[in-house]
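What follows is a short report on a single structure.
Both backbone and side-chain heavy atoms feed into the values below; hydrogens, waters and symmetry mates do not. Convention: sequence-line order gives letters A, B, ...; per-chain numbering from 1. Computed from a predicted structure; not experimentally measured.
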2 protein chains.
Amino acid sequence: MPTYKYPRPSVTVDIVVFGYDGGAQLKLLLIKRGSEPYKGSWALPGGFVDMDETLETAALRELEEETGVKDLYVEQLYTYGAPDRDPRGRVISVAYFSLVNLQDHPAVAASDATKAEWFPTNELPDLAFDHADIIAAATKRLAAKVRYQPIGFELLPEEFTLGQLQHLYETVLNVEAFNKRNFRTRILRTGILEEVGRQKNVAHRPAVLYRFNETAYKKLAEERDGAVLRRALDFEI
Amino acid sequence: MPTYKYPRPSVTVDIVVFGYDGGAQLKLLLIKRGSEPYKGSWALPGGFVDMDETLETAALRELEEETGVKDLYVEQLYTYGAPDRDPRGRVISVAYFSLVNLQDHPAVAASDATKAEWFPTNELPDLAFDHADIIAAATKRLAAKVRYQPIGFELLPEEFTLGQLQHLYETVLNVEAFNKRNFRTRILRTGILEEVGRQKNVAHRPAVLYRFNETAYKKLAEERDGAVLRRALDFEI
DNA sequence: ACAAAAGTGTTATGCATACACCCATGG
DNA sequence: CCATGGGTGTATGCATAACACTTTTGT
């Protein structure tokens, strides 16, 4: 039993994983808590950070232990440290954020007693701790991220149609259909998509299938970094 | 002496404060460490989080204790948790980020034995811990932030000229002068500036003085949020 | 009169937006 | 032959970017 000169908080990680399956809503991965506090409530996957692992490692480990979902890209979201956010005492939680497509990450095997489930983002249950706040922050981050990064990289399967991509954007931004012509023009103009074939056996004109070209994307990102220097402020907000 | 069932990390905060005084370089507030580890090295202001204060409160408290600088807006930057980042053991640090103008925050009174000093960002000394990484991340955040928020709010004095504002942008983005005509047109078109008078006693045509109009800014921000919904993706990166 | 910085007029270019239309496939 | 979603042509207006120019002050 370790003893310290001064009291110390506990440190946890929580992970917000958004999943997409082509439907009308994004989904969110939650677990049912098997122990107190908030036993029986739904919560974000997560848990205590071990002393010899990085925060990101802890996030990925807890996620796999609790939901079976693994092999994904995560980015740090925000750290929550209100003194009263956990009834067990001072617990500071580093929240992580991830995007996956549900085809590649369907597994929701609960390794211990807890259940794990994908919930449509518009039908979330009551959540333990301040996890509703964390999810709200993640949703905001996603809406911001979509503006400057092609989130389809993570949320869509390897090959997809422009219709699917547009549908994803409409879902994430929560809007009715925006103009098809302009969406296509803009996204194709960037050059980050490459054709890989055509749909088969669909009851309409078969769509061209595309794949993200990561090389082209990185090149575009570099050019844009240079352009910022000339264009400077946008004050888009 | 508190005893826990499992070992716990220590949690600290570090604060990156950028200051501007109209010069060619932004400045950064550092302290000279008065105790081990890294005694005598320069480092970011910061310290251990108390058990009953929020993270932001801890950041503001430590900043004032170590540098005398207070009354500023801070935002959370990133949390650093590599197991070996501190020789004292496992120390997880939540980094904060702030912008101030040096006229209003000149105070660099060292309340305890440590010294505090503003360093030009291109002449930084060697830094303790992973603080160089933290500063690099803060610099990146600033360059990104400048694109969608009017950072002049924090970095410039209450009243300023368009020349000063442009100079600030050139400094932050680290570029040679960009086109004056277009800078003026774009920024005035947003409507977030209001005239408040004219310069006096300058050896050239006196410039109009402006002040940020926070109401107009908020209105602009809202309109922009709406516009995102229609315009959708920009893929600017 | 001159230096120094503020401030303006004007143009081409390209992008965003809107609207109307045609195409290919399975049932 | 029709429902369904895929895909294209094009006119309009507006913001960006570039360049050359005028104005006002103190010394």
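The side-chain contact (heavy atoms from CB on, under 4.5 Å) with B:Phe18 is formed by just one residue from the set B:Leu29, B:Asn101, B:Thr139, B:Val100; it is B:Thr139. When each of A:Val74, A:Leu155, A:Val172 is checked for a side-chain contact (heavy atoms from CB on, under 4.5 Å) with A:Leu99, only A:Leu155 meets the rule.
Here C:dA6 presents its C1' atom at 9 Å from CD of B:Gln199, a figure rounded to the nearest Å. Computed from coordinates, the A:Phe183 CZ to D:dT8 P distance equals 14 Å when rounded to whole Å. One interatomic measurement links the two molecules: CZ of B:Arg186 to P of D:dA18, which rounds to 11 Å at whole-angstrom precision. Atom-to-atom, NE2 of B:His167 to P of C:dA6 comes out at 11 Å; the value is rounded to the nearest Å. B:Lys180 has its NZ atom 18 Å from the C1' atom of D:dT16, to the nearest Å. Atom pair A:Leu162:CG and D:dG7:C1' shows a separation of 9 Å (rounding to whole Å applied). Separating the CD atom of B:Gln166 from the P atom of C:dA4 is a distance of 18 Å, rounded to the nearest angstrom. If you measure from atom CG of A:Leu165 to atom P of D:dG6, you get 12 Å, rounded to the nearest angstrom.
You'll find the ring centres of A:Tyr80 and A:Tyr78 inside the 6.0 Å limit.
DNA chain D is contacted by both A:Asn182 and A:Tyr210; A:Tyr210 maps to the nucleotide lying nearer its 5′ end (nearest heavy atom per residue). Residues A:Arg189 and B:Gly163 each lie close to DNA chain C; by heavy-atom proximity, the contact nearer the 5' end of the strand is made by B:Gly163.
A:Asp21 CG to A:Leu102 CG: the interatomic distance, rounded to the nearest 0.5 Å, is 5.0 Å.
Remark: A:Ala82 engages A:Asp84, A:Arg85 in a side-chain contact (heavy atoms from CB on, under 4.5 Å) (not counting sequence neighbours).
Each of D:dT16, C:dT17, D:dG6 was ranked by its minimum atom distance to the side chain of A:Arg184; first place goes to D:dG6.
Ring pair A:Tyr20/A:His167 is tilted by interplanar angle, where 30° to 60° counts as tilted.
If you check distances only, the side chain of A:Arg181 does reach the base of D:dG9 with a donor-acceptor pair under 3.5 Å. A donor N or O paired with an acceptor N or O is not found under 3.5 Å between the base of C:dA16 and the side-chain atoms of A:Asn179.
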Tabulated below should be each protein N or O lying under 3.5 Å from an N or O of nucleotides 23-25 of chain D; please produce it.
residue : atom : partner  : partner atom : Å
D:dT23  : O4'  : B:Arg205 : NH1          : 3.4
D:dT23  : O2   : B:Arg205 : NH1          : 3.1
D:dT24  : O2   : B:Arg205 : N            : 2.7
D:dT25  : O2   : B:Ala203 : O            : 3.4
D:dT25  : O2   : B:His204 : N            : 3.1

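Between A:Lys145 and A:Glu75 there is a salt bridge, with a side-chain nitrogen of the basic residue lying less than 4.0 Å from a carboxylate oxygen of the acidic one.
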